[in-house]
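All heavy atoms count here, side chains included; hydrogens, waters and symmetry mates do not. In what follows, chains are A, B, ... by sequence order, proteins preceding strands, each numbered from 1.
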Amino acid sequence: MTQDVAIIGIGLHPFGRHDTLTGRAQGAIALRAALKDAGIGWDRIGIAYGGSHDAGNADALCNDLGLTGLPFVNVANGCATGGSALASAVSAIRSGAAEFAVAVGFDKHPRGAFNPHPRDWGLPDWYGETGLMLTTQFFALKTRRYMHEHGITEDALVRVAQRAFRNGALNPQAWRRREMSYAEIAESMPVNLPLRQYMFCNPAEGGAAVVLCPAEVAKRYHAKPIIVKAAVVRTRHHGSFEVFSPALAAQQAPAPTVTASRAAFEQAGVAPRDIDVLQLQDTDSGSEVIHMAENGFCEHGEQERLLRDGETEIGGRLPINTDGGCLANGEPIGASGLRQVIEICTQLRQEAGARQVPGTPRLGYTHVYGAPGVSGVTILQR
Amino acid sequence: MPHPVLASPDLIRFEGDTPHLVGSRCNECGEVYFPATDSCTRCTATRMSPHDLGHRGTLWSWTIQGFLPKAPYNSGETAETFQPYGVGYVELDSGIKVESRLTVADEAKLQIGMPLELTLIPYRRTDDGEVHTFAFRPAASA
């Protein structure tokens, strides 16, 4: 019997552009905020997991917080860095390795699309040199095929972005806080068709941290602890359609999102219909549409109707990305997955202000997906 | 006729003047790869043989690259001279889908399922002349 683990502290340095702050400084601000929320000092943390893609080693945070001698593991799992850090922290507490653990992430990226180097990904130089190794191309190619197979139209892509910016406008910590009209999104600059400028999130900056402890003692530290019912990371199988693939296998296999999601629901002993509020990776509109079905929240092809009928709005049956998601917050890779977790904790604590989902949400869900085919899912319970 | 200078000569073999893509095939399970690999991610075997993937296929998915990629893209274009280019996955006879540049970058002329054939296009100019890469173009009608 594994013991339950709870989140007792959350801290966010808002995402966006912060020219006067390093990425690490934003991580330190988030981490101090999370410790304050939990009401404990850094010296009580027994293990830490953290990551940053472009802003240095996460364990350099010890130079800010204090050199307490704790084991601090640097995590580098692309967009799934936060989810991987969280899953590791949960395992550490379950195993008894520590009573208090931290998962933290921060980042600071240059403007414009990411430009990965082929050799870092086990790929030949020509793949990058001849203009085929772009994440935006992958999202467009996967979306185009998905639309073709499942009868989705551009209408769904526009509605995802429109809802993200509408929710972002309600979130004081969001980066993009301006609502956009349907036409403004639908007629924005083609980036990688069918995806346009306002259907893509931007690389950004920010920090996010959570403090965890065994659930049985959590109430001593926070009045509203959030139980981690599942925290699962999975990588791709042969045949799944992944970013940075010079070729795809003849026989397709389910995405790592599908396997991570199924494992998480099994671990938590709940089903998609039980989830009250959720975060799905929305690097772009198309990805969110695909992830709705890959995570089990609808059938393939059903998304367009759900979006059109308002089911995914804050007041709908399936509220998605209530804080504006990656589209309105941007994506600091190291911090992004933990931002999702923090938003779900905020919703389950019923402290989300103007963007609070109605009723008394009990179960929340987060999902990240990143290169080169890794997915992290959590299921959280009030 | 001399063959063009290629960014990646190992990917192509010529049958007369017709370029074919070259990949590899697993000696154990028969899975096909592009580019050629020395291990099989399907069955984990490590004995592979070179495999001719042919030169014809159909368009499986497509996009149009609408902005100038950063390095390591090395076409030499600037934001001012950049021309959007097509990118697609092309399904070949074996069922493998190969990611490739497309000679067409007009959304009105691209459709999933359309027949395509392999060609070589100049994508970069150096002091020694043009460098080519592989691309697919609409197939000439039979």
Side-chain angles (χ1 to χ4, degrees), chain A residues 110-120 122-149 188-197 200 236-253 286 373, chain B residues 6-11 21 23 31-35 37 40-44 53 59-75 77 84-101 105 107 110-113 121 123-124 131-135:
Chain A
R111 284 161 207 271
F114 293 112
N115 60 326
H117 293 283
R119 284 182 187 187
D120 292 344
L123 291 164
D125 289 338
W126 62 261
Y127 186 56
E129 289 171 356
T130 61
L132 298 177
M133 191 178 178
L134 284 93
T135 52
T136 54
Q137 283 174 1
F138 158 75
F139 293 127
L141 289 162
K142 185 161 179 178
T143 297
R144 170 85 64 196
R145 183 69 196 183
Y146 191 88
M147 291 166 76
H148 173 78
E149 287 182 5
S188 63
M189 187 181 71
V191 171
N192 277 103
L193 288 172
L195 299 173
R196 295 170 179 274
Q197 181 180 3
F200 272 110
R236 62 211 176 281
H237 283 91
H238 178 80
S240 63
F241 185 173
E242 302 304 324
V243 64
F244 304 152
S245 296
L248 305 174
Q251 291 292 323
Q252 297 285 288
Chain B
L6 292 166
S8 46
D10 296 349
L11 305 179
L21 286 176
E31 187 71 346
V32 171
Y33 291 86
F34 177 84
T37 61
C40 179
T41 55
R42 179 165 178 263
C43 78
T44 74
L53 294 165
L59 190 58
W60 192 79
S61 188
W62 60 272
T63 183
I64 295 166
Q65 180 58 36
F67 63 94
L68 176 66
K70 295 178 185 174
Y73 186 56
N74 65 359
S75 74
E77 290 165 286
Y85 57 87
V87 175
Y89 277 102
V90 180
E91 185 165 11
L92 308 180
D93 285 345
S94 67
I96 192 174
K97 293 103 185 165
V98 168
E99 187 179 0
S100 172
R101 289 180 63 141
E107 58 179 311
L110 290 166
Q111 199 169 10
I112 289 177
I121 55 165
Y123 88 100
R124 175 182 188 220
V131 180
H132 287 65
T133 189
F134 66 93

**Student:** Of the backbone (N, CA, C, O) and the side chain (C-beta and beyond), which part of Glu107(B) lies under 4.5 Å from a heavy atom of chain A, both, or neither?
**Tutor:** side chain

**Student:** Which heavy atom in Glu31(B) sits nearest to a heavy atom in His238(A), and how many Å separate them?
**Tutor:**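 Glu31(B) and His238(A) have their closest heavy atoms at OE2-NE2, 2.7 Å.
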
**Student:** Looking at every non-hydrogen atom in both residues, tell me the closest pair between Gly66(B) and Asn192(A) and how far apart they are.
**Tutor:**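 Closest pair (atom of Gly66(B), atom of Asn192(A), distance): N-ND2, 4.4 Å.
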
**Student:** Can you check whether Thr63(B)'s main-chain N or O pairs, donor with acceptor, with Arg144(A)'s side chain at less than 3.5 Å?
**Tutor:** no

**Student:** Select one option (side chain, backbone, both, neither) describing which atoms of Tyr127(A) are under 4.5 Å from chain B's heavy atoms.
**Tutor:**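 The answer is the side chain of Tyr127(A).
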
**Student:** Is Gln252(A) close to chain B through its backbone or its side chain, or both, or neither, when contacts mean heavy atoms under 4.5 Å?
**Tutor:**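 The answer is the side chain of Gln252(A).
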
**Student:** Any donor-acceptor pair under 3.5 Å linking the side chain of Tyr85(B) with the backbone of Gly131(A)?
**Tutor:**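 Checked: pair present.
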
**Student:** Can you list the residues that meet the salt bridge (charged side-chain N to carboxylate O under 4.0 Å, His left out) rule with Arg236(A), with sequence neighbours excluded?
**Tutor:** none

**Student:** Between Leu141(A) and chain B, with a heavy-atom cut-off of 4.5 Å, which part of the residue counts as in contact: side chain, backbone, both or neither?
**Tutor:** both

**Student:** In terms of heavy-atom proximity below 4.5 Å to chain B, should Phe138(A) be classed as side chain, backbone, both, or neither?
**Tutor:**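 Neither part.
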
**Student:** Of all heavy-atom pairs between Thr130(A) and Ala7(B), which one has the smallest distance, and what is that distance?
**Tutor:** CG2-CB, 4.1 Å

**Student:** Rounded to the nearest 0.5 Å, what separates atom CH2 in Trp62(B) from atom CG in Leu193(A)?
**Tutor:**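 Rounded to the nearest 0.5 Å, the CH2-CG separation comes out at 6.0 Å.
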
**Student:** Non-hydrogen atoms of chain B under 4.5 Å away: do they reach the side chain of Thr136(A), the backbone, both or neither?
**Tutor:** side chain

**Student:** Tell me, out of Ser245(A), Pro116(A), Pro118(A), Pro194(A), who's got the most heavy-atom pairs with chain B below 4.5 Å.
**Tutor:** Ser245(A)

**Student:** Look at Pro84(B), Pro35(B), Cys40(B), Ser75(B) and state which one has the largest set of heavy-atom pairs under 4.5 Å with chain A.
**Tutor:** Pro35(B)

**Student:** For Phe134(B), check ring-ring contact (aromatic ring centres under 6.0 Å, His included) against everything at least two apart and list the hits.
**Tutor:** Trp126(A), Phe34(B)

**Student:** Rounded to the nearest 0.5 Å, what separates atom CZ in Arg42(B) from atom CD in Gln251(A)?
**Tutor:**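 So the CZ of Arg42(B) and the CD of Gln251(A) are separated by 8.0 Å.
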
**Student:** Return the option, out of Leu92(B), Leu68(B), Leu11(B), with the maximum number of heavy-atom pairs under 4.5 Å with chain A.
**Tutor:** Leu11(B)

**Student:** Which atoms of Pro190(A) are under 4.5 Å from chain B, going by heavy atoms: the side chain, the backbone, both sets, or neither?
**Tutor:** backbone

**Student:** When rounded to the nearest 0.5 angstrom, what distance separates CD in Glu149(A) from CD1 in Ile112(B)?
**Tutor:**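 Answer rounded to 0.5 Å: 8.0 Å.
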
**Student:** Drop me the distance from Ser61(B)'s OG to Gln137(A)'s CD, to the nearest 0.5 angstrom.
**Tutor:** 11.0 Å

**Student:** Quick check: closest heavy atoms across Ala249(A) and Lys97(B), and the distance to 0.1 Å?
**Tutor:** O-NZ, 3.4 Å

**Student:** Which region of Ser94(B), side chain (C-beta onward) or backbone (N, CA, C, O), has a non-hydrogen atom less than 4.5 Å from a non-hydrogen atom of chain A, or is it both or neither?
**Tutor:**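 Backbone only.
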
**Student:** Any side-chain heavy-atom pair from Glu129(A) and Tyr123(B) closer than 4.5 angstrom?
**Tutor:** yes

**Student:** Specify the closest pair of heavy atoms between Pro72(B) and His117(A), including all atoms of both residues, with the distance to one decimal.
**Tutor:**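 Scanning both residues, the minimum pair turns out to be CD-ND1, 4.4 Å.
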
**Student:** So which of Arg124(B), Glu99(B), Glu91(B), Arg101(B) has the largest heavy-atom pair count under 4.5 angstrom toward chain A?
**Tutor:** Glu99(B)

**Student:** Against chain A, work out which of Gly88(B), Ala71(B), Gly23(B) has the most heavy-atom pairs shorter than 4.5 Å and name it.
**Tutor:** Ala71(B)

**Student:** Under a 4.5 Å cutoff for heavy-atom pairs, which residue among Ile96(B), Val131(B), Val98(B) has the most contacts with chain A?
**Tutor:** Ile96(B)

